[in-house]
Amino acid sequence: MAKLMPSRTAPLPNLIGLALQGGGAHGAFTWGVLDRLLEEESLSIEAISGTSSGALNGLALAQGWMDSGREGARRCLADLWQRIASHTHAAAWIFGSRMLAKQADARNLHRYFTPRQINPLNFNPVRQIAETMFDFERLRVQSPFPMHMAATRVRDGALVMFGPRQLSVDALLASTCLPQIFAPVTVDGEVYWDGGWAGNPALEPLLQGDAGTILAVLVRPLDHGDIPRTPEKIATRMAELGFSAAFQRELRSLLLIGKSLGRAQTLTPQGQRIRNLSIQLLAPDSTLDSYRAMTALATPMAFLQALRDHGRERAERWLLDPESHAASTDHVAPGS
């Protein structure tokens, strides 16, 4: 007997901005989310803001759509993650600082040596994959929607957004540059690290335009029920907190501004947009903790496909009830 799907409880927005969080391998969760959203013909994308693996996902979506529409975007996303999984030098980037090496000394080389000492030839799988897959010259002028990529300026920690006319391999490398693994990336004389510290994802580029909804696709659960007690779990949680702090501050500020504008009698067009804007959060549930145990055991592609499938499942829930995913100040700590 066929399983009946729950009915949709609220209409879908027709036009959305996408904010795509970065997080190494967990970006495959976003792959699954986007794969499911692309099946909805009535859902249109106005613009994308991406950080690190979120920027990779956004570029793949734009490149594939530019070439062959929605189905082309789905194929390009699948091709991206297949290439990442099969790339000889991608294990460190896929799994972050917890590489697949068996020995603890090999896993923790970044504590004792610089990226240039560990990787003197600066092999970077992101560069090799991006140069093969993405036509940046076409993307700068023909992308079906504006694409923005976040990076962190090393000298002062500032958020820098590489906009639609600045898309390039170097801008992508800046957005994906984990300093434990890769040497910093120089773009136009400035030095950058991964955008996760400054905006993961950044919402500001999506505040211009007509979309009444921003969908923030996060790659880590919003809430953690457990308290980390081992050194490894404590280090992992600290990294997660560091990579979400900027987003939580920006989200809380926008929510509080929107709330205060609700009492205003007259507003500028921008003020009206912020007041009426719906920011919705689509994140993994707490079961993602179980995927961390797979990191050292699963083959890369099996691990990434499991995350993709979870992303599709979570996207299905959002499609059935978008409004239940609306962000509130309950989602962020008061001090954020």
Quiz item: In the single-linkage hydrophobic clustering (I, L, V, M, F, W, Y; side-chain heavy atoms under 4.5 Å), do L159 and W193 co-cluster?
Solution: no

Quiz item: Just wondering, more than 12 heavy atoms not from W65 lying within 6.0 Å of its CH2?
Solution: yes

Quiz item: Do you know the tightest heavy-atom contact between F247 and P201?
Solution: CD1-O, 3.3 Å

Quiz prompt | Candidate pair M133 and Q63, rule side-chain contact (heavy atoms from CB on, under 4.5 Å), full reasoning | solution = CA-CA 8 Å; M133 291 191 63; Q63 180 72 54; 6.0 Å; no

Quiz prompt | Those residues that, when tested against R140, pass side-chain contact (heavy atoms from CB on, under 4.5 Å) (two or more places apart) | solution = F136, E137, L167, S168

Quiz item: Any sub-3.5 Å donor-acceptor pair from Q166's side-chain atoms to G163's backbone N or O?
Solution: yes

Quiz item: From Q21 CD over to F29 CZ, what is the distance, rounded to the nearest 0.5 angstrom?
Solution: 10.0 Å

Quiz item: Are R83 and D79 close enough for a salt bridge, meaning some N to O gap below 4.0 Å?
Solution: yes

Exercise. Evaluate the side-chain proximity of P322 to Q280: yes if any heavy-atom separation is below 4.5 Å, no if none is.
Key: yes

Exercise. Given side-chain contact (heavy atoms from CB on, under 4.5 Å), test W318 with V217 step by step and report yes or no.
Key: CA-CA 11 Å; W318 177 79; V217 183; over 6 Å; no

Quiz item: Between R75 and D67, does at least one N-O distance fall below 4.0 Å, as a salt bridge requires?
Solution: no

Practice problem: Identify the two heavy atoms, one from M66 and one from S143, that lie closest to each other, and give their separation to 0.1 Å. | Solution: SD-N, 4.1 Å

Self-check item: Option passing side chain to side chain contact (heavy atoms under 4.5 Å, CB included) with T30 (candidates L56, L18, V219)
Solution: V219

Exercise. Taking side-chain contact (heavy atoms from CB on, under 4.5 Å) as the test, write out the residues that go with A47, two or more places apart.
Key: P146, L206

Quiz item: Is it true that D156 and R153 make a salt bridge, defined as a side-chain N closer than 4.0 Å to a carboxylate O?
Solution: yes

Quiz item: With side chains defined as the heavy atoms from C-beta onward, is the minimum distance between V191 and V185 less than 4.5 Å?
Solution: no

Self-check item: Ring geometry between F303 and H26 (parallel below 30°, tilted from 30 to 60°, perpendicular above 60°)
Solution: tilted

Exercise. For residues G196 and T152, report the shortest heavy-atom separation together with the two atoms involved.
Key: N-OG1, 4.3 Å

Quiz item: Taking C-beta and beyond as the side chain, do R252 and Q248 meet within less than 4.5 Å on heavy atoms?
Solution: no

Quiz item: With respect to E46, which candidate in I214, D210, I16 satisfies the side chain to side chain contact (heavy atoms under 4.5 Å, CB included) definition?
Solution: D210

Quiz item: Would you call R155 and E190 a salt bridge, using N to O less than 4.0 angstrom?
Solution: yes

Exercise. Find out whether R317 and D285 are in side-chain contact, i.e. whether some heavy atom of one side chain is under 4.5 Å from a heavy atom of the other.
Key: yes

Self-check item: Main-chain N/O of I257 paired to S260 side chain as donor or acceptor, under 3.5 Å
Solution: yes

Quiz prompt | Interatomic spacing from CG in L43 to CG in L15 - rounded to 0.5 Å | solution = 8.5 Å

Quiz item: Do D194 side-chain atoms and S52 backbone N/O form a donor-acceptor pair below 3.5 Å?
Solution: no

Quiz item: Distance-only, no hydrogens or angles: does the S175 side chain make a donor-acceptor pair with backbone N or O of A150 under 3.5 Å?
Solution: yes

Practice problem: Evaluate the side-chain proximity of L281 to L251: yes if any heavy-atom separation is below 4.5 Å, no if none is. | Solution: yes

Quiz prompt | Shortest non-hydrogen separation from G258 to R275 and the atoms involved | solution = O-CG, 4.0 Å

Quiz prompt | Closest non-hydrogen atom pair between A246 and A198, with its separation | solution = CB-O, 3.2 Å

Quiz item: Are any of the side-chain nitrogens in R70 or E40 under 4.0 Å away from the carboxylate oxygens of its partner?
Solution: no

Quiz item: Does the pair R312/E316 count as a salt bridge with the N-to-O cut at 4.0 Å?
Solution: no

Exercise. Rounded to the nearest 0.5 Å, what's the gap from CD on E204 to CG on L254? Could you check?
Key: 9.5 Å

Practice problem: Enter the distance from R308:CZ to M301:CE here, rounded to the nearest 0.5 Å. | Solution: 6.5 Å

Self-check item: Non-hydrogen side-chain atoms of L38 and L77 separated by less than 4.5 Å
Solution: yes

Quiz item: Quick one: OG on S49 to CE on M161, what's the gap to the nearest 0.5 Å?
Solution: 4.0 Å

Exercise. Please report the C-alpha distance between R314 and L282 in whole Å, then the side-chain angles of each, then the deciding distance to 0.1 Å, and finally whether the side-chain contact (heavy atoms from CB on, under 4.5 Å) criterion is met.
Key: CA-CA 7 Å; R314 297 296 288 177; L282 199 166; 3.7 Å; yes

Quiz item: If you take all heavy atoms of L139 and A62, which pair is closest and at what distance?
Solution: CD2-CB, 3.9 Å

Quiz prompt | D170 vs T186, side-chain contact (heavy atoms from CB on, under 4.5 Å): CA-CA, chis, key distance, verdict | solution = CA-CA 8 Å; D170 286 341; T186 302; over 6 Å; no

Quiz item: Is there a side-chain contact between C76 and L61 (heavy atoms, below 4.5 Å)?
Solution: no

Practice problem: Show your working on salt bridge (Lys or Arg N to Asp or Glu O under 4.0 Å) between R36 and E313 and close with a plain yes or no. | Solution: CA-CA 8 Å; R36 178 63 186 91; E313 174 191 345; over 6 Å; no

Exercise. Supply the atom-to-atom distance C177 SG to F182 CZ, rounded to the nearest 0.5 angstrom.
Key: 7.5 Å

